[in-house]
Amino acid sequence: MTLPGAPMPSPLLELREIHKTFRSGGLFAPARTVVAAEGVSFRLERGTALALVGGSGSGKSTLARLILRLERADRGQVLLDGEDVLVREPRGASLRYRSRVQMVFQDPFASLNPVHRIAHPIERALLRHGRAGRSDLRPRVLELLRTVGLEPAEEFVDRHPHALSGGQRQRVAIARALAVGPDLLIADEPTSMLDISIRMSILNLLAELKRERGLAILLITHDLASARYLADRILVLNQGRVVEEGTSETIIESPRHPYTRALLASIAQFDGATMGS
Ligand SMILES: Nc1ncnc2c1ncn2[C@@H]1O[C@H](COP(=O)(O)OP(=O)(O)OP(=O)(O)O)[C@@H](O)[C@H]1O
Ligand SMILES: [Mg+2]
């Protein structure tokens, strides 16, 4: 219980008033300014999942890139455990940051090098972050493969990516992310390129990691159904602005904003169309 007057513990991740504008065009094209984030604020608590939902170009991936420090904000703060991560840091801090915040991308076919066995990227992550030595490397890799449901792990470990399905590759990508022992996993459309029949199994795996390992998950998706399934809270974005935020149930059952209602209506229509076909 928190004592009255005691400071609130900081959330794992907090964005405060993030602004980000891109300028495109140049010598031959007219200059254009795109506002990708306009005063975006949110909090993500440990062991919970937050879904960023919005149409194409609403700024979801930009926020992910800002959190990963691949992009710089024009204004605002990104705090991890209450510490501003956008300030300049000494050498080595970057590797430490990477060990806490990991990413899984949309395309499981592009994310693994076809030349290497699937164990390779996992081994590299373990060694680079000092989480295994040469002697315990293989057992650690096998353990991670089991964690993501690639069993029997001994059968998968020496395979090349071409011998795996899209869903299995996405599991390898998740194992590689888990190898460094992150607190936060950012998953940008992790299931949108997968067969509809295996989407749910990947979401189930993420839900299990959240529940059993206390992993915090930032799920980026167009799909409100996936958001509802995995996320405790949903934040709806439109053109770089937060339209509304709430528990997944509230956002889906009683959306307040017309944009959210329109998103929901488009899903209902799509579901109707696919069911009718
Ligand atoms: N490096 C960049 N240079 C110029 N404009 C950019 C850049 N990155 C993103 N943008 C623009 O910023 C806006 C937000 O893009 P972002 O990729 O964050 O959207 P998104 O919500 O992830 O979309 P999608 O669902 O299609 O992946 C878009 O208008 C995009 O064109
Ligand atoms: Mg995107």
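Scored by the salt bridge (charged side-chain N to carboxylate O under 4.0 Å, His left out) test, Arg213 finds no partners at all (sequence neighbours excluded). Here His116 pairs with His120 under the ring-ring contact (aromatic ring centres under 6.0 Å, His included) rule; sequence neighbours left out. Remark: Ala153 pairs with Leu142, Leu145, Arg146 by the side-chain contact (heavy atoms from CB on, under 4.5 Å) rule, at least two apart or across chains. Arg75 pairs by the side-chain contact (heavy atoms from CB on, under 4.5 Å) definition with His19, not counting sequence neighbours. Every side-chain contact (heavy atoms from CB on, under 4.5 Å) that Arg233 has, sequence neighbours left out, goes to Leu50, Glu245, Thr247. Under the side-chain hydrogen bond (donor to acceptor under 3.5 Å, both in side chains) criterion, Asp136 pairs with no residue at all, not counting sequence neighbours. Here Pro114 pairs with nothing under the side-chain contact (heavy atoms from CB on, under 4.5 Å) rule; sequence neighbours left out. Evaluation of the salt bridge (charged side-chain N to carboxylate O under 4.0 Å, His left out) rule for Glu151 yields no partner, not counting sequence neighbours. Taking the salt bridge (charged side-chain N to carboxylate O under 4.0 Å, His left out) definition, one finds that Arg124 meets it with nothing, sequence neighbours left out. Legend: residues meeting salt bridge (charged side-chain N to carboxylate O under 4.0 Å, His left out) with Asp188, ordered by chain and number and at least two apart, are absent.
Under the 3.5 Å distance criterion, the side-chain polar atoms of Arg261 are matched with a main-chain donor or acceptor of Arg256. Distance alone, capped at 3.5 Å, places no donor-acceptor pair between the Gln239 side chain and the Ser58 backbone. For the pair Glu83 (side chain) and Leu80 (backbone), a donor-acceptor distance under 3.5 Å is absent. Without hydrogens or angle criteria, Thr250 side chain to Gly246 main chain gives no donor-acceptor distance under 3.5 Å. A donor-acceptor distance shorter than 3.5 angstrom exists from the side chain of Asp74 to the backbone of Thr21, with no hydrogens or angles considered. At distances below 3.5 Å, at least one donor-acceptor pair connects side-chain atoms of His160 with backbone N or O atoms of Val115. Panel note: side chain Glu249, backbone Ser254; no donor-acceptor pair is recorded below 3.5 Å. A donor-acceptor contact shorter than 3.5 Å links the side chain of Ser248 to the backbone of Ala231.
Taken from CD1 in Ile122 to CZ in Arg176, the straight-line distance is 8.5 Å, to the nearest 0.5 Å. Here the straight-line distance linking atom CG of Asp107 with atom CZ of Arg169 works out to 9.0 Å at 0.5 Å rounding. Taking CZ from Arg100 and CG from Asp183, the interatomic distance works out to 4.5 Å, rounded to the nearest 0.5 Å. With values rounded to the nearest 0.5 angstrom, Leu237 atom CG is found 6.0 Å from Leu63 atom CG.
Within the 4.5 Å cutoff, side-chain heavy atoms of Val78 are placed close to those of Leu13. In this structure the side chain of Ile186 reaches within 4.5 angstrom of the side chain of Ile67, judged on heavy atoms. Under the 4.5 Å side-chain criterion, counting only non-hydrogen atoms from C-beta, Arg69 is in contact with Ser94. At a threshold of 4.5 Å between non-hydrogen side-chain atoms, the residues Leu79 and Ser10 do not count as touching. Put simply, the side chain of Leu184 does not reach to within 4.5 Å of the side chain of Gln102, judged on heavy atoms. With a 4.5 Å cut-off on side-chain heavy atoms, His222 and Ser56 count as touching. At a threshold of 4.5 Å between non-hydrogen side-chain atoms, the residues Ile234 and Ile252 count as touching. The shortest side-chain heavy-atom distance between Phe22 and Val35 does not fall under the 4.5 Å cut-off.
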Donor-acceptor contacts, no H, no angles, side chain residues 197-209, under 3.5 Å, sequence neighbours left out:
{"from": "Arg199", "atom 1": "NE", "to": "Thr191", "atom 2": "O", "distance (Å)": "3.1"}
{"from": "Arg199", "atom 1": "NE", "to": "Leu194", "atom 2": "O", "distance (Å)": "3.2"}
{"from": "Arg199", "atom 1": "NH2", "to": "Ser192", "atom 2": "O", "distance (Å)": "3.4"}
{"from": "Arg199", "atom 1": "NH2", "to": "Leu194", "atom 2": "O", "distance (Å)": "3.4"}
{"from": "Ser201", "atom 1": "OG", "to": "Arg171", "atom 2": "NH2", "distance (Å)": "3.4"}
{"from": "Ser201", "atom 1": "OG", "to": "Ile198", "atom 2": "O", "distance (Å)": "2.8"}
{"from": "Asn204", "atom 1": "OD1", "to": "Tyr229", "atom 2": "OH", "distance (Å)": "2.4"}
{"from": "Asn204", "atom 1": "ND2", "to": "Met200", "atom 2": "O", "distance (Å)": "3.4"}

Going by atom type alone, with no hydrogens or angles, which donor-acceptor pairs under 3.5 Å involve a side-chain atom of residues 37-44 and a protein atom two or more places apart or on another chain?
{"from": "Glu38", "atom 1": "OE1", "to": "Arg241", "atom 2": "NE", "distance (Å)": "3.3"}
{"from": "Glu38", "atom 1": "OE2", "to": "Arg241", "atom 2": "NH2", "distance (Å)": "3.2"}
{"from": "Ser41", "atom 1": "OG", "to": "Glu17", "atom 2": "N", "distance (Å)": "2.9"}

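Salt-bridge annotation for Asp158 and Arg138: present, with a side-chain N of the basic residue lying under 4.0 Å from a carboxylate O of the acidic one.
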Side chain to side chain contact (heavy atoms under 4.5 Å, CB included) assessment of Leu185 paired with Leu218: CA-CA 6 Å; Leu185 185 70; Leu218 187 64; over 6 Å; no
Salt bridge (Lys or Arg N to Asp or Glu O under 4.0 Å) assessment of Arg131 paired with Glu123: CA-CA 10 Å; Arg131 296 185 64 92; Glu123 289 168 354; over 6 Å; no
Criterion side chain to side chain contact (heavy atoms under 4.5 Å, CB included) on Gln77 and Leu15, from CA distance to verdict: CA-CA 6 Å; Gln77 289 179 306; Leu15 269 65; over 6 Å; no
Criterion side chain to side chain contact (heavy atoms under 4.5 Å, CB included) on Lys20 and Leu66, from CA distance to verdict: CA-CA 9 Å; Lys20 176 70 185 176; Leu66 285 163; 4.3 Å; yes
From CA spacing to verdict: side chain to side chain contact (heavy atoms under 4.5 Å, CB included), Val236, Val242: CA-CA 6 Å; Val236 183; Val242 178; over 6 Å; no
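No continuous path of ILVMFWY side-chain contacts below 4.5 Å connects Leu68 to Val104, so the two sit in separate hydrophobic clusters.
Heavy-atom neighbours of Glu14 CD from other residues, nucleotides or ligands within 6.0 Å: above the threshold of 12.
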